[in-house]
Amino acid sequence: QVQLVESGGGSVQAGGSLRLSCTLSGSIYSINDMRWYRQAPGMQRELVASITSGGSTHYVDSVKGRFTISRDNAKNTVYLQMNSLNPEVTAVYYCPADVSTTYYDPGSLVPWGKGTLVTVSS
């Protein structure tokens, strides 16, 4: 069974930075796409950024130029560097991942973690 744990959230003032981490553990053959989602209070969950196994990245328009997603395959970890933070990014951040447990496994989504809370004050 594969599990993931998000960390790195906290409370910062506007203009500050945070680096989120998400580490997967368990029976992992390969990690395919990795993503960061966020859910603000009273809002639907939103895709923030994604990164493929080859390193191709995608960002929602509102974070382009401020957020950077990266991955360390040796550590089974994906990061989200968040700079120039503003109160609008306050949310719980999640990192669902698509994982193959064997060579023949095309991959499946790991159960979502508990997320990590990011709070930005003005």
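Positions are given from 1, in the same order as the sequence printed here.
The cluster map of Ile, Leu, Val, Met, Phe, Trp and Tyr, joined by side-chain heavy atoms under 4.5 Å apart, puts Leu18 and Leu80 in the same cluster. Using a 4.5 Å cut-off between side-chain heavy atoms of Ile, Leu, Val, Met, Phe, Trp and Tyr, with links allowed through other members, Leu85 and Leu117 fall into different hydrophobic clusters. Transitive grouping of hydrophobic side chains (ILVMFWY, heavy atoms separated by less than 4.5 Å) keeps Val92 and Phe67 in distinct clusters. In the hydrophobic clustering of ILVMFWY residues, with side-chain heavy atoms under 4.5 Å counting as a link, Val48 and Val120 come out together. Ile31 and Tyr37 end up in different hydrophobic clusters when Ile, Leu, Val, Met, Phe, Trp and Tyr side chains are linked at under 4.5 Å.
Remark: Arg19 qualifies as a cation-pi partner of Tyr79 under the 6.0 Å distance and 45° angle criteria applied to the six-membered ring. A cation-pi arrangement is found for Arg45 relative to Tyr94, the charged atom lying closer than 6.0 Å to the ring centre and inside a 45° cone about the ring normal.
You'll find the side chain of Gln81 reaches within 4.5 Å of the side chain of Ser17, heavy atoms only. At least one side-chain heavy atom of Leu24 sits less than 4.5 Å from a side-chain heavy atom of Val110. Counting heavy atoms from C-beta outward, Val89 and Arg66 have side chains that approach closer than 4.5 Å. Side-chain contact between Cys22 and Trp36 is present, with at least one heavy-atom pair separated by less than 4.5 Å. Looking only at side-chain heavy atoms (C-beta outward), Leu4 and Thr23 stay at 4.5 Å or farther from each other. No side-chain heavy atom of Thr77 sits under 4.5 Å from any side-chain heavy atom of Arg71. No side-chain heavy atom of Met34 sits less than 4.5 Å from a side-chain heavy atom of Asp98.
Remark: Cys95 SG to Arg38 CZ distance equals 15.0 Å, nearest 0.5 Å. One finds the CZ atom of Arg35 at 6.5 Å from the CG atom of Leu109 (value rounded to the nearest 0.5 Å).
Judged purely by atom type and a 3.5 angstrom limit, Ser100 has no side-chain atom pairing as donor or acceptor with the backbone of Thr102.
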Checklist line | side chain to side chain contact (heavy atoms under 4.5 Å, CB included) between Val2 and Thr101, intermediate numbers included | finding: CA-CA 8 Å; Val2 180; Thr101 58; 4.2 Å; yes
Check: Step by step, would you call Asn76 with Ile28 a side chain to side chain contact (heavy atoms under 4.5 Å, CB included)?
Finding: CA-CA 9 Å; Asn76 291 334; Ile28 299 171; 3.7 Å; yes
Next item on the list: Just do the side chain to side chain contact (heavy atoms under 4.5 Å, CB included) check on Gln39 and Tyr93 with the steps written out, would you?
Entry: CA-CA 7 Å; Gln39 187 165 21; Tyr93 285 71; over 6 Å; no
Checklist line | Intermediate values then yes/no, side chain to side chain contact (heavy atoms under 4.5 Å, CB included), Asp33 and His58 | finding: CA-CA 11 Å; Asp33 292 355; His58 168 81; over 6 Å; no
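Nearest heavy atoms, Tyr59 versus Ile69: OH-N, 2.9 Å. Residues Gly115 and Glu6 come closest through the heavy atom pair N-OE1, 2.9 Å.
Ring geometry for Tyr29 against Tyr103 counts as perpendicular: the plane angle is over 60°, on a 0 to 90° scale with 30° as the lower cut.
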